[in-house]
Amino acid sequence: QVQLVESGGGLVQAGDSLRLSCATSGRTSSSRHMGWFRQAPGKEREFVAAIRRSTGTMIYSDSVKGRFTISKDNTGNTVYLQMNSLKPEDTALYYCAASQSYFFSRIASNYDYWGQGTQVTVSS
């Protein structure tokens with residue numbers, strides 16, 4: 001089992017920045033890559049970004065590319081999401097997830113472990 005705890009969410013204005021953190025514990029070696037997803041009220045969970053723990057290779061959704069940056073610490077046990085130039089449409093509950101697969105996936109059902117989420121609200 002892998003436990004994930006997100007932090008860093010909050011209420012900001014459009015154009016501001018936030019950095020989310022995801023701390024993992026438990027059998028962290030079983031998680032090959034980590035992802036961030038978000039879910040706004042009434043919408044499906046949406047892929048945001050992912051990073052491979054061993055190589056640091058990253059992928060992003062088109063909606064955040066150039067504004068958000070995913071990174072990890074040296075151990076790969078903490079993953080970050082730096083969010084710049086935030087927009088009201090970025091408002092959502094942001095989830096961290098871990099996958100046991102080496103291959104990237106943008107599909108939520110392919111992730112094995114999830115955190116409880118941290119709320120990000122961007123006002124206009």
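Linking Ile, Leu, Val, Met, Phe, Trp and Tyr whenever their side-chain heavy atoms come within less than 4.5 Å puts V12 and Y94 in one cluster. Residues V79 and Y95 do not share a hydrophobic cluster, clusters being chains of Ile/Leu/Val/Met/Phe/Trp/Tyr side chains in contact below 4.5 Å. Linking Ile, Leu, Val, Met, Phe, Trp and Tyr residues whenever their side-chain heavy atoms come within less than 4.5 Å places I70 and V120 in a single cluster.
Counting all heavy atoms, side chain and backbone alike, Y111 lies closest to S105 at OH-O, 2.7 Å. Closest approach of D112 to Q100, counting heavy atoms only: OD2-N, 2.7 Å. What you find for W36 and C22 is that their closest heavy atoms are CZ2-CB, 3.7 Å. The two residues F103 and R52 have their closest heavy-atom pair at CA-NH2, 4.1 Å. Pairing each heavy atom of E46 with each of S63, the nearest pair is OE2-OG, 3.5 Å. Between G8 and L18, the shortest heavy-atom distance links the atoms O-CD2, 3.6 Å.
Partner M34 forms a side chain to side chain contact (heavy atoms under 4.5 Å, CB included) with one of T78, I51, V2 and no other, that one being I51. When each of N77, T75, T24 is tested with R53 by the rule side chain to side chain donor-acceptor pair (under 3.5 Å), just one qualifies, namely N77.
Taking the six-membered ring for Trp and thresholds of 30 and 60 degrees, F47 and F37 have ring planes more than 60 degrees apart, a perpendicular arrangement.
Neither side chain, S101 nor S99, offers a donor N or O lying under 3.5 Å from an acceptor on the other. Checking R32 against Y102 by side-chain atom types alone, no donor-acceptor pair falls below 3.5 Å.
Side chains of Q1 and Y113 form a contact here, defined as non-hydrogen atoms less than 4.5 Å apart. Residues Q13 and L86 fail the side-chain proximity criterion, which asks for heavy atoms closer than 4.5 Å. A 4.5 Å side-chain heavy-atom check between M58 and Y60 finds at least one atom pair inside the cut-off. Side-chain contact between T69 and L81: absent, with no pair of heavy atoms (C-beta onward) separated by less than 4.5 Å.
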Run the side chain to side chain contact (heavy atoms under 4.5 Å, CB included) test on H33 and F104 for me, step by step, so that the C-alpha distance in whole Å, both residues' side-chain angles and the decisive distance to 0.1 Å come before the verdict.
CA-CA 7 Å; H33 73 270; F104 280 127; 3.8 Å; yes
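Not one N or O on the side chain of R45 forms a donor-acceptor pair closer than 3.5 Å with the backbone of R38.
The pair D90-K87 does not count as a salt bridge, with every side-chain nitrogen at least 4.0 angstrom from each carboxylate oxygen.
Contacts classified as salt bridge (charged side-chain N to carboxylate O under 4.0 Å, His left out) and involving residues 1-24 (residues at least two apart or in different chains) are not found. Within the structure, the side chain to side chain donor-acceptor pair (under 3.5 Å) test picks out the following pairs touching residues 114-124 (sequence neighbours left out): Q119-T121.
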